[in-house]
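Structure, as C-alpha cells:
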Amino acid sequence: MKDLSVQLTAPNGRTWTQPTGLFINNEWVKSSNGYMITTINPTTEEEITSVYGATEDDINKAVAAARRALNDPAWRDLSGLDRGKMLNRLAQLIEENREILATIETIDNGKPYTVALDGDLVETAETIRYYSGFADKVFGQVIDTTSDKFAYTVREPVGVCGQIIPWNYPLAMAAWKLGPALACGNTVVLKPAEQTPLSALVLANLIVEAGFPPGVVNIVNGHGSITGSALASHMDVDKIAFTGSTDTAKRIMKMASVNLKNITLETGGKSPLIVFNDADLKEAVEWAHLGIMSNQGQVCCATSRILVQSQIYDQFLEAFKGQVKQVSKVGDPFEESTFQGPQVTKAQYDRVKSYVHIGQAERAKLIFGGKPINDIGNGKGFFIQPIIFADVTPQMRIFKEEVFGPFVVISRFDTEEDAIKMANDSTYGLGSAVFTTNLTRAHRIAKLIEAGTVWINSSNDGDWRVPFGGVKQSGIGRELGEAGLDAYSSIKAVHVNIKSKL
Ligand code: NAP
Ligand code: MG
C-alpha cells in the first residue's frame, strides 16, 4: 500500500506514523488539486501537521469505490459471520493500538490522555465489538398471510453511507457509525471533523489490517463546506448519518433531499438535570459535575441546565461550587491529574467566553470561573476556567442556547410541575437527568420529560448497548444498541405464491 505519511512525536514521548492522505479504496491518495487542511494542537496552539482534504472530484472517487465495493461479491456475498469476524478483529486491533490512538486524540483534541485511554478508546473498541456480534443476527421474518401464500422479509444494507462526524469524540463517533453500518453490510465514506482529522486515518490502516475489502470503508478529511457538502449532496450516496450542530444538520437535511437520502441526525442539546429536595445531595453534586464538566463540557448530551428545588438550592450551589473547585483541575492534558484540558479550538474558546459576557449582560449571577488561563505549558492554549451561573431564569439566552463548553446554568424551582415545565422549555430534547429518592416520582418524570435519554440518579453514563438520540431539534433516528441497526438496514418484503391459480 502506497503510504502518504509523516512521523510524529507527542509530548508523552510516543512516536507514530501518521497517514496524511485520503483513504480511498484501501489506498492512500493525494487530493485532486493538492487541497490540504492543517490541524492545531489546542494545548500549545502549534501546528501538528497537514493532511489532504477531499474535493468534489475526490468525493466522486470515494463514492464510486464504495459503490463498487457494495456490489462486489467480496463484500456483498460475505456471510454475516465473516463480516462479524472482521469487525471483531478490528476491535482487537483498536485495543492493541490503544495508547497510540489515545495519544492522537489528546494531541489533536486536547482531551485528557487518561480520559482518551480509559473512556474514548474503550468505547471505540467495545462499540465495534458489540456490533460484530450483530453481523450474523440481522435477519427478517416469515409472515403467514393466507393459505395461498406467505411472505418473508430480508434486511438488506441501505447502500453507500456518507458519515459526517464531529471533533468531540473523534474515534468513538467513528465507531458509533462504522459499527452498525458494517455489521449490516453497507459501505461507507466517512468524513472526520476538520479540527481532529488524525486518529481516523490511523484507524484506516487498522481497517485494512482487519481484512475489509477495498472500498468498503473510505475516509476523507476536509472542510464541511467543501468535503461534507459534496458528500451530503452526492447523487449516488444512499444515506447520510451526521453528528454535530443543529444548524449544520438543517443544511444537511436540505442537501440530502436532492436524491431523497435516508438520514440520521444527532445534534445538540441543552439538557436539564433536576435535583429534588429529597435527593442524595452528594451523589447529585458529583454526577451534576461530571454531567457538564467532563470532556471540557464538549458533550452533546451534557446536562448543562441544573434545576434545583428551592429548599436545597443554596446548599446545592455551595456544594457544587466546592466540587468544581476541587475536581475540575485545568491543565496539560498529558498530566495525569488533569480533569479539564483546553477547548478544542480558538473558535470554541471564544464561544465559551462570549457566553460569559452574555450571561453577565443578562444579569445572571456568575458564581465561579470564566477567566482565561495562561500559566499552563508554553503560556498558550485554549484553556478556560469552568463557569457556573446561578439564579438563571428561562428567559435568558444562557438558559436556552447550547454553549458546548464547561459552562453550566443553575435555576431554582418550587414544585414538580414547575420542574417539568422548565425542563421541557427547550427547542432541544437529547439528554435529561433527575435526582430523587422517590421511586414513583423518578418514573413519572422519566415519562413526562421530552428527551431521548433520561438518567435517573446519574448523568451522561452512556453505554453502547443502549439506544441514543434526540427528540425535537436534537435529532432524527437512533444510534447504538440494537436500535442502531435500523438506521443501516432496509427491509425488503418478498411475497410467495404457493397456490398458483394460473
Ligand atoms: P458542525 O459544523 O455541526 O460540524 C460537525 C460536522 O459537520 C463536521 O464534520 C463538519 O465539518 C461538518 N459540516 C460542517 N458544515 C457542513 C456542511 N455545510 N455540509 C456538510 N458537512 C458539514 O459543528 P462545529 O462547527 O464543529 O461546532 C459548532 C457547534 O456544534 C458546537 O458549538 C456545538 O454546539 C455543536 N456540536 C455538537 C456536537 C454533537 O456531538 N452533537 C459535536 C460538535 C459540535 P468540519 O468540521 O470539517 O467543518
Ligand atoms: Mg486539532
Side-chain angles (χ1 to χ4, degrees), residues 35-40 42 51-54 56 59 108-111 120 162-170 172-174 176-177 189-198 200 219-234 237 240-258 261 263-271 294-302 304 343-355 382 400-407 427-431 452-453 460 462 468-470 473-477 479-480:
Y35 166 39
M36 296 195 98
I37 61 170
T38 298
T39 188
I40 303 291
V51 299
Y52 284 97
E56 203 177 323
I59 288 293
D108 211 6
N109 168 283
K111 65 176 63 203
D120 295 46
Q163 304 184 324
I164 299 177
I165 59 172
W167 42 259
N168 51 347
Y169 294 95
M173 288 297 103
W176 283 29
K177 290 191 168 38
V189 179
L190 176 99
K191 190 201 92 64
E194 74 189 76
Q195 299 83 351
T196 52
L198 301 181
I219 300 180
V220 289
N221 276 298
H223 296 93
S225 54
I226 300 169
T227 313
S229 65
L231 193 55
S233 55
H234 201 286
V237 171
I240 283 283
F242 165 83
T243 301
S245 63
T246 299
D247 283 347
T248 305
K250 288 178 185 171
R251 277 202 290 280
I252 289 201
M253 224 171 154
K254 269 194 204 145
M255 288 188 273
S257 72
V258 292
K261 282 183 192 67
I263 48 173
T264 39
L265 306 171
E266 197 260 284
T267 62
K270 189 80 178 177
S271 300
S294 44
N295 210 42
Q296 295 66 247
Q298 300 167 155
V299 184
C300 51
C301 52
S304 50
Q343 302 311 115
V344 69
T345 53
K346 173 92 169 41
Q348 286 302 122
Y349 168 84
D350 287 342
R351 180 180 169 88
V352 175
K353 274 201 310 189
S354 77
Y355 274 95
F382 311 125
K400 296 181 184 164
E401 296 172 17
E402 183 181 47
V403 179
F404 222 67
F407 186 111
T427 54
Y428 295 113
L430 195 55
T453 296
N460 276 269
F468 182 82
Q473 290 190 39
S474 287
I476 297 176
E479 296 187 287
L480 299 185

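Both counts, for ligands and for their atoms, begin at 1 and track the order of listing. Hydrogens, waters and symmetry mates are skipped; everything else that's a heavy atom, side chains included, is used.
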Looking at ligand 1, would Phe242 count as a contact under a 4.0 Å heavy-atom criterion? yes
With a 3.5 Å cut-off and no angle check, do the side chains of Asp108 and Thr39 form a donor-acceptor pair? yes
Taking both backbone and side-chain atoms of Gly224, is any N or O found less than 3.5 Å from an N or O belonging to ligand 1? yes
Heteroatom distance test (Ser225, ligand 1): nitrogen or oxygen, under 3.5 angstrom: no
Under 3.5 Å between some N or O of ligand 1 and some N or O of Gln195? yes
Can you tell me which residue and heavy atom of the protein come closest to atom 26 (O) of ligand 1, and the distance to 0.1 Å? Trp167 NE1, 2.6 Å
Which residue in the set Asp247, Leu430, Thr427 passes side-chain contact (heavy atoms from CB on, under 4.5 Å) when paired with Gln473? Thr427
Could you check whether any heavy atom of Met173 sits closer than 4.0 Å to an atom of ligand 1, since that is the contact criterion I want to use? no
Option whose closest heavy atom lies nearest to atom 35 (C) of ligand 1, chosen from Ser233, Ala302, Pro197, Ser245: Ser245
Is it the side chain, the backbone, both or neither of Thr227 that has a heavy atom closer than 4.0 Å to ligand 1? neither
Identify the protein heavy atom lying closest to atom 34 (O) of ligand 1, giving its residue, its atom name and the separation to 0.1 Å. Glu402 OE1, 2.7 Å
Taking both backbone and side-chain atoms of Phe404, is any N or O found less than 3.5 Å from an N or O belonging to ligand 1? no
Consider only side-chain N and O atoms of Lys191 and Asn221, and report whether a donor and an acceptor are under 3.5 Å apart. no
Taking the side chain as everything from C-beta on, heavy atoms only, tell me whether Tyr355 gets closer than 4.5 Å to Glu401. yes
If we count only non-hydrogen protein atoms and require a distance under 4.0 Å, does atom 40 (O) of ligand 1 qualify as touching the protein? yes
Looking at Arg251, which atoms of ligand 1 are within less than 4.0 Å of one of its heavy atoms? 18 (N)
Nearest 0.5 angstrom please: Leu265 CG to Ile252 CD1, how far? 7.5 Å
Between Gln298 and Gln343: side-chain donor-acceptor atoms closer than 3.5 Å: yes
Of Ile165, Thr248, Thr267, Val344, the one whose closest heavy atom lies nearest atom 15 (N) of ligand 1 is Thr248
Would you say Thr243 has any N or O atom under 3.5 Å from an N or O of ligand 1, going by distance alone? no
Centroid separation under 6.0 Å, is that true for the rings of Phe404 and Trp167? yes
Nearest 0.5 Å, what's the OG1-CE distance between Thr246 and Met253? 11.5 Å
Step through it carefully: locate the ring centre of Trp176, locate the ring centre of Phe468, and say whether they are under 6.0 Å apart. yes
How about Gln348 and Thr345: do any of their side-chain heavy atoms sit closer than 4.5 Å? yes
Of the protein's non-hydrogen atoms, which lies at the shortest distance from atom 45 (P) of ligand 1, and what is that distance? Glu194 OE1, 3.1 Å
Taking 4.0 angstrom as the limit and counting only heavy atoms of Arg351, give me the atoms of ligand 1 inside it, by number and element. 32 (O)
Please report the interatomic distance NZ(Lys177) to CG(Leu480), rounded to the nearest 0.5 Å. 9.0 Å
Which residue supplies the protein heavy atom nearest to atom 42 (C) of ligand 1, what is that atom called, and how far is it? Pro166 CB, 3.3 Å
For atom 11 (O) of ligand 1, the option (of Gln348, Lys191, His223) bearing the nearest heavy atom: Lys191
Separation between NZ of Lys254 and OG of Ser229, rounded to the nearest 0.5 Å: 13.5 Å
When you measure from the heavy atoms of Gln298 to every atom of ligand 1, does any distance fall below 4.0 Å? no
With respect to Gly222, determine whether any N or O atom, backbone or side chain, lies less than 3.5 Å from an N or O atom of ligand 1. yes
With heavy atoms and a 4.0 Å threshold, my read on which part of Ala232 contacts ligand 1 is neither
Residue and atom name of the nearest protein heavy atom (relative to atom 12 (C) of ligand 1), distance in Å to one decimal: Ile164 CG2, 3.6 Å
Could you tell me, atom by atom, which parts of ligand 1 come under 4.0 Å of a heavy atom of Gly228? 19 (N), 20 (C), 21 (N)
For the residue pair Lys111 and Asn295, establish whether any side-chain heavy-atom pair is separated by less than 4.5 Å. yes
